[in-house]
Every structure is written in structure tokens, then in C-alpha cells.
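One structure is given here, and the rest of the page talks about it.
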There are 2 protein chains.
Amino acid sequence: MSWLDEVRWDAQGLVPVVAQERDSGDVLMVAWMNREALAKTAELGRAVYWSRSRGRLWFKGEESGHVQQVHEIRLDCDGDVVLLKVTQLGHEPGIACHTGRHSCFFQRLDAAAGHWEAVEPVLKDPEAIYR
Amino acid sequence: MSWLDEVRWDAQGLVPVVAQERDSGDVLMVAWMNREALAKTAELGRAVYWSRSRGRLWFKGEESGHVQQVHEIRLDCDGDVVLLKVTQLGHEPGIACHTGRHSCFFQRLDAAAGHWEAVEPVLKDPEAIYR
């Protein structure tokens, strides 16, 4: 599939992927894909990442049930970053983060105080997500 | 500044950074920062990246005038991706991409046809941006 050749894979054969919730516009997470993960994502219409820690394909939601339905796949100008427009399934409101939060970007810099502050609530106890 | 130590810099001392337009929610671009770039971004309230191709700090907008005013800096659960909430200055509507488009993510996958398609207009001729 030639469209896969237009992605500029890095030295590890990976590309960073931003998952954005289509309806809210919220940036949910950034993960990585290899060629097979991106092909599977396009084929299945659900997000399939490459888990760098586990060294295998990661069908998002395979354990948590928090599957990401993929509406659009975009590539940036340099061909080295992918953007997914998704619906975060499995919980209402959607939980993308393994901490049980809506978005992985829940830490906001308080520059005056010089620290990161968690500003998003835990929607579901991670122990109840990963049993 | 200890908050900088909480970022999980990669082997090159870099972290990927997503720039999201605060008011529209649009994902504008993904670039990279080193420690100095992130410190400068927090200090100045404007996006300062690390240009991997030029090997130096890149004050976004230094040539184009398309400066990004930074409202919020967020860090993800693993500490290895940063999200900026920005206002894209210098043109109305904002131009973040060096191709003269609003967003760098202007190529959409047409999975049936098997190719990427440019689906966002060029708002300003790049030759008029970079003189």
C-alpha cells in the first residue's frame, strides 16, 4: 500500500500519533505506530498502536474496553506525524488515559509555583479498569 | 527548575510537543523541544521549539511572524509528551504550517483510494511568508 510509504518512519520504524476526540476537539493522547499498526488502524477503523514498552501491537482498549473508533487519519506536512480523529468508546465521558482520566494531558504547568498540577478528575478507578 | 526534571526527555534530550489552537481546538502542528526550549516557552509565553534540522532553538514565527502565544502548558501521564494551548498570531485565520496552511495536518487518508489528499487551503503563498 503506497500511502504507507509516504509516512516518514523514524529510525525505529515508528511515527508519533496524536489522538483527538472528534466531537469535543480534546487531545486525548499521543502514542506510536509502526507500519503494521497504521495499516491495521485504517483497515479496522479503530486505533491500533505499537507499544514500545511491550514491544507488540496494542489494540487500544484490548484490556480496558476503551476502544477508539477512528473517523479520519491525517498526516502532517513533513509526513512524520499522524493525527487521528476518534470517538473514545467504552465509558461516558470517554476515558483515554490509563489513569482513568479523559485525557492523558491532565497535568498543567503552574509556572509561578514551578510545578505540574493534576487538573482533570479520575473518572474511573484504574483498578476497576484493568482487572 | 524542578518541573523540567519531571519531563521524560528522550535519548536526544527532546520531547514531542503538540500545539493546539485554544479557541478552535484545532491541532496545528507537532514539533520538538529540548529543556532550554521548554524553559524559554514558559518564560516568554510564546512557543520556542528545537529545530532538529537546523540544530538550534527555533522561536516559532521568527521568520514568518507566525508567533504562537502560549496560554497553557500540559504534560501527559507518562511525562513524555507536552501539549500547548496556543493562539496562532500573525495572520487571520492563523497559519501554523510552513506551506501557508492553518494546520500542518492537511493531508487526509482516503483509505478506499489508497492515497493522502490535501484537504485544507493554502491561506498565504509560502514565498510571501519567507522572503
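Throughout, a chain's letter reflects where its sequence line sits, starting with A, and its residues are numbered from 1. Reckoned from all heavy atoms, side chains included, excluding hydrogens, waters and symmetry mates.
Hydrophobic clustering, with ILVMFWY side chains joined whenever heavy atoms are under 4.5 angstrom apart, keeps A:V122 apart from A:V119. B:M29 and A:V27 fall into different hydrophobic clusters, where Ile, Leu, Val, Met, Phe, Trp and Tyr side chains are chained together by heavy-atom contacts under 4.5 Å.
Residue contact with chain A, scored on non-hydrogen atoms closer than 4.5 Å, is absent for B:V70.
No side-chain donor-acceptor contact under 3.5 Å links A:W3 to the backbone of B:A111.
For residues 43-69 of chain A, heavy-atom neighbours of chain B at less than 4.5 Å comprise A:R52, sorted by residue number. Identified by a heavy-atom distance below 4.5 Å to chain A, the contributing residues of residues 94-106 of chain B are B:C97, B:H98, B:T99, B:C104, B:F105, B:F106, in residue-number order. Listed by sequence position, A:V18, A:Q20 are the residues of residues 13-22 of chain A in contact with chain B, using a 4.5 angstrom heavy-atom cutoff. Chain A is approached within less than 4.5 Å, heavy atom to heavy atom, by B:R74, B:L75, B:D76, B:C77, B:D78, B:D80, B:V81, B:V82, B:L83 from residues 74-93 of chain B, ordered by number.
To the nearest 0.5 Å, atoms CG (B:L109) and OG1 (A:T41) are separated by 10.5 Å. Expressed to the nearest 0.5 Å, how far CD of B:Q107 lies from CD1 of A:I73 amounts to 13.0 Å.
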